[in-house]
Amino acid sequence: MINSKIQLDEQGRLKHFLTIEGLNRPILDEILDTAESFAGVTEQQVKKVPLLRGKTIVNLFFEASTRTRTTFELAAKRLSADVLNMNINTSSAVKGETLLDTLRNLEAMHVDMFVVRHADSGSAHFFARHAAPHISLLNAGDGRHAHPTQAMLDMFTIRRAKGPDFGRLRVAIVGDILHSRVARSQIHALNILNTGEVRIIAPKTLVPAAAESLGVEVFHHLEEGIRDVDVIIMLRLQRERMQGALLPSEHEYFRLFGLTEERLGLARPDVTVMHPGPINRGVEMASEVADGSHSVILQQVSNGIAVRMAVMSLCMGRST
Ligand code: CP
């Protein structure tokens with residue numbers, strides 16, 4: 001386990017946002033409540049507040065991203081910060097510059113916050129440990145370890161769809177749990193918010209060892225696992241992280257674990273369907289479900305802006 005205390009200052013307030021693990025309920029509630037007030041800002045005609053005016057934020061994405069990078073950029077701009085998007089493929093990292101040297105050079109430009117996505121688990125903690133004391137580090141996804149802002153925008157989406165009492169909810173996370181930083185962060189968040197029941201549903205080859213110790217119930221059959229659930233979170237097969245043959249074929253995976261209209265009928269009538277994206281249609285879910293009336297997949301993307309505004313402002317010691 002990576003030390004999560006590094007993300008809090010001496011008063012127990014967020015300084016970095018690296019992982020959900022080790023955080024407490026008041027911090028998660030504060031993020032959700034702050035995001036709620038920012039959601040109003042994103043719906044106004046002038047979508048800006050001056051909270052981070054004069055601050056400089058650098059997006060450092062060493063891995064591909066559509067949703068996370070753009071919503072972090074929009075969030076920073078709506079807080080009136082100056083934003084720099086580093087293109088790693090055209091930076092001096094390709095000439096052999098180390099991560100630390102890249103960090104030091106950007107620090108010399110008086111940066112206040114880094115948003116980092118990297119293929120290595122623990123990379124965001126590494127940056128946080130080595131950054132200058134005034135700098136905040138936000139983890140935009142590190143290897144298989146954590147994707148904390150994704151988990152918080154998912155909690156925000158659930159709270160908006162189902163109300164604030166997570167205790168009465170049965171939530172199922174379906175798919176490639178083994179390789180998913182999103183699932184790991186969601187499970188920690190759902191447990192901290194005292195969710196009634198958290199289920200994971202996956203083939204045996206895609207469940208982490210000792211999964212029950214995470215505080216979840218494990219199912220290997222989709223029909224059994226989604227029975228009477230309030231929320232279904234589908235996950236992408238993380239092919240880029242799989243070593244060896246963990247699955248027979250995508251066709252076979254869809255036959256056994258794909259979410260179809262027919263299977264959706266096993267869940268509660270008002271079930272909410274989620275997916276962090278990117279979706280592989282016809283692999284983890286049918287298009288009719290992805291685009292259907294139970295789906296809040298695009299609302300998750302919109303909510304990402306308000307939640308990332310909340311995390312950025314709280315880490316900088318500013319609130320609405
Ligand atoms: N959910 C998510 O992290 O999407 P991106 O990889 O597009 O950022």
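All values below come from the heavy atoms of this structure, side chains included, with hydrogens, waters and symmetry mates left out. Values in this document were obtained by computation on a predicted structure and should not be read as measured data. Every number for a ligand or one of its atoms is a count from 1 in the order of the listing. Position 1 is the first residue of the sequence; numbering continues from there.
The pair R199-D228 fails the salt-bridge criterion, with no side-chain N (NZ, NE, NH1 or NH2) lying under 4.0 Å from an Asp/Glu carboxylate O. Remark: K77 engages E73 in a salt bridge, criterion side-chain N to carboxylate O under 4.0 Å.
Below 4.0 Å from some heavy atom of Q150 lie the following atoms of ligand 1, by number and element: 1 (N), 2 (C). The atoms of ligand 1 that sit less than 4.0 Å from any heavy atom of T66 are 5 (P), 7 (O), 8 (O). Near T68, with a cut-off below 4.0 Å to any heavy atom, the atoms of ligand 1 are 2 (C), 3 (O), 4 (O), 5 (P), 8 (O).
By the 4.5 Å heavy-atom criterion applied to side chains, P278 and T66 are not counted as neighbours. In this structure, R13 and L314 have side chains that are not in contact, with every pair of non-hydrogen atoms separated by 4.5 Å or more. Side-chain atoms of L28 and M155, non-hydrogen and from C-beta on, never get closer than 4.5 Å to each other.
The closest approach between a heavy atom of G277 and any atom of ligand 1 is below 4.0 Å.
The N/O atoms of H147, backbone and side chain alike, include one that comes under 3.5 Å of an N/O atom in ligand 1. The shortest N or O to N or O distance between P278 and ligand 1 is not under 3.5 Å.
R117 forms no cation-pi arrangement with F61, by the criterion of a distance under 6.0 Å to the ring centre and an angle within 45° of the ring axis.
Looking only at protein heavy atoms, the nearest one to atom 6 (O) of ligand 1 is R117 NH1, 2.9 Å. In terms of protein heavy-atom proximity, atom 4 (O) of ligand 1 is closest to R67 NE, 3.1 Å.
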